[in-house]
Amino acid sequence: QVQLVESGGGLVQAGGSLRLSCAASGRTFSRYVMGWFRQAPGKEREFVAAISRSAGSKYYADSVKGRFTISRDVALNTAYLQMNRLKPEDTAVYYCAAGDVLTTTEGYDYWGQGTQVTVSS
């Protein structure tokens, strides 16, 4: 069992930056692959980024590639999503997830409660 708590969301102007954090507690953080997803109002939840246990492999949705960076700090049991050059269409609730299989689908075992990101135009 692992508990995930996201933070770092907020209101930002288009072109700005935010860094989301996902603090993990419980079982060993390093044994899990980590993912970030988001859900905009009226839309289904979608994949944003994922990172392997060693951080050697990273995957991004095409819509965020080149603007967002996923990372993890094993010593702090925390995963991050650095979001640059934000656009209004990035507005959504962002969720982090942990699991055993590195995937771009929602096949993760544990989910956080989400953090709201709002990008104004």
Can you find a pair of side-chain heavy atoms, one from Arg72 and one from Thr78, that are under 4.5 Å apart?
no
So does Gly56 get a backbone contact from the side chain of Ser54, meaning a donor-acceptor N/O pair under 3.5 Å?
yes
4.5 Å side-chain heavy-atom contact, Leu86 and Phe68:
yes
Could you tell me whether the side chain of Ser52 and the main chain of Ser57 form a donor-acceptor pair under 3.5 Å?
yes
Of all heavy-atom pairs between Ser121 and Ala14, which one has the smallest distance, and what is that distance?
CA-CB, 4.4 Å
Test item: Arg45 and Val93 side chains (from C-beta on) under 4.5 Å apart, heavy atoms:
no
Would Ile70 and Tyr80 satisfy side chain to side chain contact (heavy atoms under 4.5 Å, CB included), going step by step from the backbone distance to the final call?
CA-CA 6 Å; Ile70 189 171; Tyr80 302 97; over 6 Å; no
Would you say that Ser30 contacts Tyr32 through its side chain, given a criterion of any heavy-atom pair below 4.5 Å between the two side chains?
no
Between Gly112 and Tyr95, which heavy-atom pair has the shortest distance, and what is it?
O-CD2, 3.6 Å
Non-hydrogen atoms of Ile51 and Ser71 that approach each other most closely:
CD1-CA, 3.7 Å
For Lys87 and Asp90: C-alpha separation, side-chain torsions, deciding distance, then whether salt bridge (charged side-chain N to carboxylate O under 4.0 Å, His left out) applies.
CA-CA 5 Å; Lys87 305 175 181 180; Asp90 294 319; over 6 Å; no
Got a donor-acceptor contact below 3.5 angstrom from the Arg85 side chain to the Gly15 backbone?
no
Those residues that, when tested against Tyr108, pass ring pair (Phe, Tyr, Trp, His ring centres under 6.0 Å) (two or more places apart)
Phe37
Can you check whether Arg53 reaches Phe29 side chain to side chain, under 4.5 Å on heavy atoms?
no
Check the surroundings of atom NZ in Lys43: do more than 12 heavy atoms from other residues, nucleotides or ligands lie under 6.0 Å from it?
no
Under a 3.5 Å distance rule, please check whether Thr115 uses its side chain to pair with a backbone N or O of Gly9 as donor and acceptor.
yes
Could you walk me through whether Tyr94 and Arg38 pass the side-chain hydrogen bond (donor to acceptor under 3.5 Å, both in side chains) test, one step at a time?
CA-CA 4 Å; Tyr94 283 71; Arg38 66 186 182 186; 2.9 Å; yes
Spell out, yes or no, whether Val33 and Tyr59 are grouped together once hydrophobic residues are joined by side-chain heavy atoms under 4.5 Å, including indirect joins.
yes
Side chain proximity check, Cys22 to Met34, heavy atoms < 4.5 angstrom
yes
Tyr60: what forms a ring pair (Phe, Tyr, Trp, His ring centres under 6.0 Å) with it, not counting sequence neighbours?
none
Would you name the heavy atoms of Val5 and Gln113 that are closest together and state the gap between them?
CA-OE1, 3.8 Å
Residues Asp100, Arg31; criterion side chain to side chain contact (heavy atoms under 4.5 Å, CB included); working and verdict:
CA-CA 8 Å; Asp100 292 325; Arg31 67 167 285 181; 3.8 Å; yes
Could you tell me whether the side chain of Val117 reaches within less than 4.5 Å of the side chain of Leu18, counting heavy atoms only?
yes
Any side-chain donor paired with an acceptor under 3.5 Å for Asn84 and Ser17?
yes
Grouping I, L, V, M, F, W and Y whenever their side-chain heavy atoms are under 4.5 Å apart, do Leu102 and Trp111 come out in a common cluster?
yes
If only atom types and distance count, is the side chain of Glu6 paired as donor or acceptor with the main-chain N or O of Cys96 below 3.5 Å?
yes
Over all heavy atoms of both residues, which pair between Ala40 and Thr91 is shortest? Give the atoms and the distance, please.
CB-O, 3.6 Å
How long is the straight-line distance from CD of Glu46 back to CH2 of Trp36, given to the nearest 0.5 Å?
14.5 Å
Is there a side-chain contact between Thr69 and Leu81 in this structure, where contact means two heavy atoms from C-beta onward sitting under 4.5 Å apart?
no
How would you list, by chain and number, every residue that makes a side chain to side chain donor-acceptor pair (under 3.5 Å) with Ser25, sequence neighbours excluded?
Gln3
